[in-house]
Amino acid sequence: MLSREVTATGLRVVDQAGYACSVDAAEFSRTQPGEFDVPVDTAAAGHTTEFSVPATTVLRRDTRSRLLADDERADLHEGEHHLVLLGPLEVRARFDGPATVSRAGDRVRVAFDKRTRVTFGFLGRATEPTGRVRVPPTPTGVAEAVTASATALRTTSPARARPTMRRHPPRIEVDADAEANTLRETADVPETGIRVVVPDSLADVFAVAPLAHYLGASVTVADGPPRLHVPTAGVDESLADGRAASVLERAFWLDTLAWYGDRDRLRALDIDPGIAAASPADRLADALDAPFEAVSLPEWPLAMYVDPTPENVRALPGLLHRLAHVYPAETTPLDSQELVSRTLDDFYRATPGPVATVEMENPRLRAGRRHGWLADGTPIDVFKAVPEAYDRSVDPVNGELSVDVVLNDPAMARERDRVADVYLNRATDCPIDVTLHADLTVAEIAGVFESDTDFVHYIGHCDEDGLLCANGRLSANSLDAVGARTFFLNACGSYHEGVRLVERGSAAGAVTFRKVLDEHAAQVGTAFARLLVAGFDIERALSVARRRIVMGKDYAVVGDGTWSLPHSGVRSPGVFTVTPTDDGYEVAYEGGSVRTHGEYEPSPFPQNHAGPSGRRETATLTEPELRAVLSDADAPVVLDGEFVWTDTAVTRL
């Protein structure tokens, strides 16, 4: 659900995750809105002479999609026009021309010759689950729930590749007394003619679930290996041995290229742009035959490694919403040489009691930019998910964000001051209520975690008995329910306490596996805070922040690592890597996130065109060109192997 309010200059709309869009419309007089070709979350209409919205991508929905470049102007003729404007939210605008559309930076303006009626439709990036299904904890029951998950798709056209077109699937309630084979009679499942057949195995149902969800496929259980059947298109494809993930990527990227009208990449695939009008079955058949090795596309944003248990079924809707690849969870013993030898014990953050350490494992990772572990064990280089995290990560953000910074050791006041400055500076761009605490008692810290706050940044100590307080220790086991949505426990050995916080209500948090150096903790904590408020999801924020120190693998994320604070900008956050050369600088940029997977985003390099979100771009720049690129960004930079921010990088250049 989106909230909408009329402002002095037009409209302001906010989705349930806090992503906001302000429509500035000159002398806007409201009227009754009409209908759109896809379900929208909320709509409004009125008369105006011009309007503008925050967006970096403009598409005209006439004969084909078209991207509007920065500083480009388009004159629209008389007749009805449909614009799709992509920014923090998706805005659909319908009006009669003539009109002029222009884009400057992160804002798009549409101007008319006279007062004109405009109908706006708004689609959020985050939505509440589209319902609830109750199934038995059997492969047949879970297959029925996966079939019903397609009710979350707003469309089966190529537009479904965009995140705003895929609402959150229904929650799954596992009940041994429930009956299977009843959902198709009640659920509004699209009829695509696509079938997925799996053996009587939860592992196989989990593995094919993201593909079946995206395709709107009917999932049934039968003897034999998993297969994909599309009788009308002549498709009969094996889905064994990870093939489901490959098919999903092919179907997804073909939809993305077709909807955005990417003629260059479609030509490389030998596919006519008219494929955008084809049925889901025919598009799938073409995707399976296309030579995708001929085009460069981003790596898939999320791979999840899942134990196929009834307890993990409740997390499945969250994984489907993120279009995660689902793989089996496999590990090997961790080679001691993979972690730096610990010979600096005297320099580690002092703790009053024994620190709870974690035996880490080496996971078998597949292709993916981010990796999550919904299984037993604690591997390195992944976020440790628990099923409960996916219940909380769809809860709405109400009003301004609340951040609590807790300092429970005066010796660490410098770290508190640094991170507080980061959060307070962000509060000038969007509403954040920052509260600073010090020397809290057990009851007081319990109150902070039990309150409905968005983020708790704890700076202090942790041992086997819990978080150190002014009068004892707080164990998360003592909390009946946790209201804090997310947290960072920047204390030695806080992993177990973090997992317990997620099990009791948090969505995600950053933790440590064992003892950490005091100065390292301060460096990671400050960098993490700045990355988080810049829009990075919690897993990527910690992944980038821990690059500042040698012992970075001592830090990890528990819960739903894809969670992020609402970002006030319209571009997804990214990281620059700068390498000096004899001719200037080789610069690489990697942006994108799970939230923007399926969108096209502008390049940070002036000579490059827009392309799929999440792609890795490179450019050779002179020093003045590099200064200009970095001055126009607010992002982390790896310069000569060191982590800095863009403003610092410009100064060093």
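These values consider heavy atoms only, across backbone and side chains, with no hydrogens, waters or symmetry-generated copies.
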Is the closest basic N to carboxylate O distance between Asp381 and Arg546 below 4.0 Å? yes
Fit a plane to each ring of Phe449 and Phe487, take the angle between them on a 0 to 90° scale, and name the class: parallel (under 30°), tilted (30 to 60°) or perpendicular (over 60°). perpendicular
Sidechain N-carboxylate O distance under 4.0 Å for Arg392, Asp560: no
Who passes side chain to side chain contact (heavy atoms under 4.5 Å, CB included) against Pro163, sequence neighbours left out? Arg125, Arg166, Glu599
Do you know the tightest heavy-atom contact between His437 and Leu440? CB-CD1, 3.6 Å
Approximate separation, where rounding is to 0.5 Å, of Leu436 CG and Leu407 CG: 9.5 Å
Which word best sums up how the rings of His597 and Trp253 line up, parallel for under 30°, tilted for 30 to 60°, or perpendicular for over 60°? perpendicular
If every non-hydrogen atom of Ile172 is compared with every non-hydrogen atom of Pro317, which pair is closest and at what distance? CG1-CG, 3.6 Å
Are the ring centres of His321 and Tyr390 closer than 6.0 Å? no
Result block: side-chain N/O donor-acceptor pairs under 3.5 angstrom for residues 474-484, not counting sequence neighbours:
| unit_1 | atom_1 | unit_2 | atom_2 | d |
| --- | --- | --- | --- | --- |
| Ser475 | OG | Asn477 | N | 3.2 |
| Asn477 | OD1 | Arg504 | NH2 | 2.9 |
| Ser478 | OG | Ser475 | O | 2.6 |

Closest non-hydrogen contact found for Thr453 with Val448 is CG2-O, 3.9 Å
State, to 0.1 Å, how close Ile380 and Pro363 come at their nearest heavy-atom pair, and which atoms those are. O-CG, 3.4 Å
Using modelled atom types only, decide if a donor and an acceptor are shared between the side chain of Thr646 and the backbone of Ala633 within a distance under 3.5 Å. yes
Shortest non-hydrogen pair, Val142 vs Val135, comes out as N-CG2, 4.4 Å
How about His371 and Trp300: are their ring centroids closer than 6.0 Å? no
